[in-house]
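Step one of this worksheet: look at the structure below.
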Amino acid sequence: MSVQTPSTLQNLTLKALLRDEALALSCLEEVPFLLFPALFKEAFAGRLKKLMKAIVAAWTFPCLPVGALMKSPNLETLQAVLDGIDMQLTRKSHPRGKLQVLDLRNVHHAFWDIWAGAEDGSCSSESLNEKPTVVKVLRRYARRKQLKVVADLCLRPRRDEAQAYFLKWAQQRKDSLHLCCINMKIWAMPVDFVLEILNVFHPEHIEEFELNTEWNVFNLARFAPCLGQMRNLRKLLLAPLYKNVFKIANRTGDREDKCVKEFVSIFSKFNCLQHLSMQGVHFLTDHMSQVFRCLMTPLESLSITHYQISQSDLDSFSCCQSLFQLKHLEMKGMVLQVLDVMPLRGLLEKVAKTLETLNLQGCKLKDSQLNALLPSFIRCSQLTKINLYNNDFSMPILKDLLQQTANWNKMNVEQYPAPLECYNELGHVSVERFAQLCQELMDTLRAIRQPKSLSFATRICHKCGEPCVYGQGGRLCFCWR
Ligand SMILES: [Zn+2]
């Protein structure tokens with residue numbers, strides 16, 4: 001008899017138990033433990049709270065990945081699970097085995113496919129093959145003494161009641177449980193609150209962290225030691241952090257600089273950071289090179305957007321080892337108009353063999369700058385996506401660029417700015433010229449290679465706030481429709 005496909009007899013037992021909750025409760029001790037996952041799954045779907053609580057209390061598998069069953073947060077079912085956990089914790093003996101990990105993350109978990117049958121009632125060969133790995137993981141969990149609770153948290157000012165209940169529950173049990181948050185997102189919460197949460201969910205377990213706040217540099221400096229404890233961070237997003245402390249006197253300025261330096265030094269604590277995104281981090285102007293120098297691991301993706309970059313920041317691009325294996329580079333809204341872009345060219349040359357996506361939208365680059373970058377652009381043979389919208393290029397330089405892209409044969413999506421010749425002296429788009437010139441550019445490229453998705457866009461219209469797009473997703477701005 002296979003454990004993956006409950007026999008007809010087992011199915012009949014399950015049905016009988018689910019029909020009568022009181023009966024199920026009274027004979028739970030006698031139910032074979034292999035039936036527990038299927039029984040729990042059904043009790044969960046039918047919101048049989050008493051039965052759920054009793055099953056959790058008597059759970060004999062090392063892991064209970066209940067988050068995989070929770071499509072949306074529900075206070076009552078969560079309460080039933082947590083009550084069951086409390087009962088597990090107070091039980092003196094666990095003759096049939098004991099729960100080691102409660103996983104509340106809303107992610108697919110092979111456990112249910114294996115032990116409770118797949119969604120379609122069958123069990124795929126894939127999940128059967130997965131079983132040895134799962135068993136190994138479960139054994140590893142079993143070695144821990146304390147019950148581990150794993151969750152992902154998105155903290156916002158308006159919390160749902162299920163999350164509020166869970167946080168309070170966790171806080172009250174922080175000394176007796178091993179609480180782990182893998183993915184944490186913070187939206188506009190006060191620094192004290194976040195510090196309090198990270199006192200419950202220890203920062204070292206966090207692998208993905210998003211900080212969307214309006215903290216000033218003094219708050220950031222207060223938070224820095226805690227951020228520095230996130231040694232296992234793989235993905236970090238900081239946005240948008242306003243530098244809203246004014247340098248009234250030199251003394252304030254000095255204090256502020258000290259705080260920024262303190263914050264920057266934290267980047268040397270991350271042992272496995274791969275993805276770094278920063279939006280509007282104006283307080284880091286002139287400190288970006290220090291950030292890059294602090295990085296301990298090569299980044300796979302770097303995104304710095306809507307940021308006023310200084311020349312000294314940009315200079316560091318070509319000499320920071322941690323950037324030389326980038327697959328994704330985004331510099332959207334970083335105005336480069338008056339800067340020397342040679343360091344960017346230096347970086348692009350270094351990543352020519354790895355770079356897959358490049359976003360320089362809204363960098364306000366000029367012809368001379370594109371000319372300088374061109375040799376490095378065309379060497380990036382792995383590119384699948386490029387976005388150069390909202391740069392100021394003329395027809396000849398755009399043609400020149402397109403004609404030299406013969407080795408971009410992996411390209412899927414390419415987005416270019418409409419040439420400057422599309423605008424009249426008042427800066428308005430001449431629709432006929434726009435269509436004619438973009439078609440000409442398209443023909444130029446098609447003579448070289450077959451583009452998959454190609455488009456040209458104008459700047460956004462002063463009146464309606466929309467651009468005109470030619471090619472893939474083509475449309476005129478609202479004024480012309
Ligand atoms: Zn318009």
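Owing to the predicted nature of the structure, the values given are computational and were not obtained by experimental measurement. Numbering of ligands and ligand atoms starts at 1, following listing order.
Excluding water, every protein N/O/S atom under 2.8 Å from the Zn ion (ligand 1) is given here by residue and atom: C461 SG, C464 SG, C477 SG, C479 SG.
Checking Y307 against Q279 by side-chain atom types alone, no donor-acceptor pair falls below 3.5 Å. Between K235 and Q274, the side chains place no donor N or O within less than 3.5 Å of an acceptor N or O (distance only, hydrogens not considered). A donor atom on one side chain and an acceptor atom on the other are found under 3.5 Å apart for E414 and Y416.
Atom NZ of K452 has more than 12 heavy atoms from other residues, nucleotides or ligands within 6.0 Å.
A side-chain hydrogen bond (donor to acceptor under 3.5 Å, both in side chains) with T357 is found for one member of H328, K385, K327 and no other, namely H328.
For the pair P417 and N391, the tightest heavy-atom approach, listed with the atom from each and the gap, is CB-O, 3.3 Å.
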